Amino acid sequence: MEGSESATGRWLGIAAMVLLLLVFIGPILWFILLAIRPADTYFAMPPVLSFTPNWESIRYTFFDPGNNAPQLGNSLIVAIGAVALNLPFSFPAAYALSRYKIRGRKHIMLWYLGLLMAPPVAFLIPYSVLASMAGVKGTYFSMILISQTLTIPFSVWLMRSFIDEVPIEIEEAARIDGAGTTTILLKFILPMVMPGLIVTSMFAFVFSWNNAAFPLVLANRSTTTLPVGTLQYFGTAGVTWGFIASAAVAAMIPPMLIFLVLDRYVVRGLTFGSVKG
Amino acid sequence: MSAVTLAAPPRARRRLPDYTPWLLISPSILLLVALIAFPLLFALKNSFYFWNLQMGPAPMGFIGLDNYKMALSNGMFLGSLWTTLQMTLVGTVVEFCLGLAIALLLLRRLPGIKLTRVLLIMPTTIAPIVVGFLFRYMYDPNGGLIPWLLTSAGIPLPAAGLLGSPSTALWAVLFADIWQWTPFFAIVLYAALLAVPGEIVEAARVDGVSPWKQLLHVKLPLIRKTALIVVMLRFMQIFNTFDLVVVLTKGGPGTASRTLGYSLYQAGMVDFNIGLSSAMTWMMVIIVNAIIGLFVFFAFKDWD
């Protein structure tokens, strides 16, 4: 900021920056290395940094026998399903809350926000018992449906902030020409907020992808998602760290890539649109 | 602007019939109420019954408030509430302060600072359960990176390991959360500080206000709203912590790291005591609602 920064201050700043990267990115790289390490270097201290990559863990978890490959598919099905099911509910609601000055608007918005801060664990046991009673336990549908408690409130908040930015004049002109609300929503607003809709959906995808609570109690062996599936390697015969890392790294790559792509929207997404960033 | 405001009301009333917004909003509300009220009412009913899935698939009799009494009497609930509050308060304060310090660093013109900012958010993108695995690996008493670093620095460690010792387990769990979420504070506070008008800060500087006081009395009040929102979000998320505990300590050793969320999980999903866990669910829901209510009252008083 100030141009008159001393050289010492500058070097201290650079040192702090390097330290920051070591502390916050170092552990991630360390975990990625674990997935391709030879087993005898997992816990070698001092740490072994040079080794011939060992693809055994990745081969075992994803190809032969490929325990985690179906889970990767399950994660995709549940996250994409959750995002798709949420749109017809959240898009009209976000539009209405952006455009209409209805009574209690603030309280509705805060109610959605409250849901995002609710303790997921409080709902797990009832969901688990109710799902078995209804005979839907273990289905993708049960996980996709319950995910709506996250994706709908999140999407309403974030999408509303995008719709707020669309100028109202176009809509007014269309209305004067006799267009109904449905036409306006689908023919005028939807194309204009498409970028916002995509950004919202991508963040909702990440939140659903990373949610372990619901699959933990609702999934069965064949429908479990990747982050939860990693738990299977905490077996009685000891922890198989290479397999855990291989599956866990695969689980963390999609959200990382999405956040890199959405860089300029990260602040906005993480604060549900309440901070423009 | 005033012309627009004056002209708007009659047109708005004609153009937008009253029921339209409710038609658009109600599907989402109805679905959410169904998804929330149903399990909560189910839990309310179960909280008055003795029901343990290990003994039978159906409730085994009405026992009034016994589940509530049990949760409160054996210290299970209050003990873990206290653990959770300590963890939540310390976690929120540490993450906010560290995040603010990092945000101030990010504002400086340093080579590579933009790339640092982009990469810094990576821990926040990872699923908490995966962060749990990552830290369980790094905490391993037999060759984990963290014990090795600490020992090399001459810091004595408990023999049972950082996760296995009652005095460090909770803080080791919290450290994983701090690692994951400090970048969140840093990035959001950075964005908020970036939006502070330069002239205001410049005026304070010209008036001879020290950099520390500029931050405290000029910049922080200007980003108060953003700060309150992120503090509120994080406070509630830490308060609700359970998956990190499932992977790292299972609440142990003893009850050292048993958060409220985990003790609920344990009662229901480990001990299969549906009645007891339902009673605890309701007590937790009431507490969470009270805290959210307080936050909302202070943070959103003048919000639209």
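Bear in mind the structure is a predicted one, so any value in this text is a computation, not a measurement. In the text below, chain A, chain B and the rest are named by the order of the sequence lines, each starting its count at 1.
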Tell me, side chain or backbone of Y112(A) under 4.5 Å from chain B's heavy atoms, or both, or neither? side chain

Which answer fits I14(A), side chain, backbone, both or neither, if we ask what part of it has an atom under 4.5 Å from a heavy atom of chain B? both

Any T149(A) side-chain heavy atom under 4.5 Å of Y127(A) side chain: yes

Going by heavy atoms in the side chains, are D271(B) and Q266(B) under 4.5 Å from each other? yes

Of L134(B), L264(B), T281(B), V288(B), the largest count of non-hydrogen pairs under 4.5 angstrom with chain A goes to L134(B)

With a 4.5 angstrom heavy-atom cut-off, is it the side chain or the backbone of I102(B) that approaches chain A, or both, or neither? side chain

With a cut-off of under 6.0 Å to the ring centre and 45° to the axis, is R103(A) in cation-pi contact with W22(B)? no

Considering only NZ, NE, NH1 and NH2 on the basic side and carboxylate oxygens on the acidic side, decide whether R117(B) and D263(A) come within less than 4.0 Å. yes

Most contact-rich option vs chain A, by heavy-atom pairs under 4.5 angstrom, among Y265(B), F133(B), F272(B), is F133(B)

Non-neighbouring partners of S47(B) that pass side chain to side chain donor-acceptor pair (under 3.5 Å), sequence neighbours left out: Y68(B)

Under 4.5 Å from a heavy atom of chain A, the part of M280(B) involved: neither

Toward chain A: residues of residues 33-43 of chain B with heavy atoms under 4.5 Å: V33(B), L35(B), I36(B), F38(B), P39(B), L40(B), F42(B), A43(B)

Would you check if the side chain of R136(B) reaches a backbone N or O of V247(B) as a donor-acceptor pair within less than 3.5 Å? yes

Contact winner vs chain A - L24(B), I146(B), L260(B), heavy-atom pairs under 4.5 Å: L24(B)

Please rank N210(A), L116(A), V18(A), V249(A) by heavy-atom pairs under 4.5 Å with chain B and give me the top one. N210(A)

Tell me, out of T271(A), V129(A), L113(A), who's got the most heavy-atom pairs with chain B below 4.5 Å. V129(A)

Highest number of heavy-atom pairs under 4.5 Å with chain B among A93(A), P119(A), S90(A) belongs to P119(A)

Give, as side chain, backbone, both or neither, the part of L105(B) having an atom under 4.5 angstrom from any heavy atom of chain A. side chain

Counting heavy-atom pairs closer than 4.5 Å to chain A, which one of I29(B), V285(B), D243(B), V246(B) comes out on top? I29(B)

One option among T241(B), V130(B), V201(B) has the most heavy-atom pairs under 4.5 Å with chain A, and it is V130(B)

So do M122(B) and M252(A) actually touch side chain to side chain, heavy atoms under 4.5 Å? no

Chain B heavy atoms under 4.5 Å from P46(A): which part of the residue, side chain, backbone, both or neither? both

Let me know if F272(A) has heavy atoms under 4.5 Å from chain B in its side chain, its backbone, both or neither. side chain

Which bit of S128(A) comes within less than 4.5 Å of chain B, counting heavy atoms only: side chain, backbone, both or neither? side chain

Within the 3.5 Å criterion, strictly below it, is a donor on T84(B) or Y262(B) matched to an acceptor on the partner's side chain? no

Does the side chain to side chain contact (heavy atoms under 4.5 Å, CB included) test come out yes or no for T230(A) and I129(B), once each step is laid out? CA-CA 9 Å; T230(A) 314; I129(B) 197 166; over 6 Å; no

Is a donor on one side and an acceptor on the other found under 3.5 Å between the side chain of W179(B) and the backbone of V23(A)? yes

Are the side chain of Q180(B) and the backbone of I126(B) linked by a donor-acceptor contact shorter than 3.5 Å? yes

Is the side chain of N240(B) donor-acceptor paired with the backbone N or O of P120(A) at a distance under 3.5 Å, no angle test? no

Using a cut-off of under 4.5 Å on heavy-atom pairs, state which of A212(A), P254(A), P227(A) scores highest against chain B. P227(A)

Could you report the tightest heavy-atom contact between F184(B) and V230(B), atom names first, then the distance? CZ-CG1, 3.6 Å

Between the side chain of R37(A) and the main-chain N/O of V48(A), is any donor-acceptor distance below 3.5 Å? yes

Is chain B contacted by the side chain of A94(A), its backbone, both, or neither, given a heavy-atom distance below 4.5 Å? neither

Please state whether the side chain, the backbone, both or neither of V296(B) comes within less than 4.5 Å of a heavy atom of chain A. side chain

Answer key: most heavy-atom pairs under 4.5 Å with chain B among L185(A), V266(A), L115(A), I146(A) is L115(A)

Mark yes or no for whether S6(A), through its side chain, and G9(A), through its backbone, hold a donor-acceptor pair below 3.5 Å. yes

With chain A, which of I25(B), T226(B), I292(B), L32(B) has the greatest number of heavy-atom pairs at distances under 4.5 Å? L32(B)

Any salt bridge between R160(A) and D164(A), counting N to O under 4.0 Å? yes

Honestly, the part of P147(B) sitting under 4.5 Å from a heavy atom of chain A is neither

Closer than 4.0 angstrom, basic N to acidic O: yes or no for E172(A) and R175(A)? no

Between F242(B) and chain A, with a heavy-atom cut-off of 4.5 Å, which part of the residue counts as in contact: side chain, backbone, both or neither? side chain

Sub-3.5 Å donor-acceptor pair from the side chain of Y137(B) to the main-chain atoms of L34(A), do we have one? no

What part of V188(B) lies closer than 4.5 angstrom to a heavy atom of chain A: side chain, backbone, both or neither? both

Which bit of W209(A) comes within less than 4.5 Å of chain B, counting heavy atoms only: side chain, backbone, both or neither? neither

For L31(B), which atoms come within 4.5 Å of any heavy atom of chain A: side chain, backbone, both, or neither? side chain

Is the closest side-chain donor-acceptor distance between N273(B) and S277(B) under 3.5 Å? no

Which one of T181(A), I28(A), V228(A), I253(A) has the most heavy-atom pairs closer than 4.5 Å to chain B? I28(A)

Less than 4.5 Å to any heavy atom of chain B: does that hold for the side chain of L270(A), its backbone, both, or neither? both

Sort out for me which residue in I121(B), T124(B), T182(B) forms a side chain to side chain contact (heavy atoms under 4.5 Å, CB included) with I187(B). I121(B)

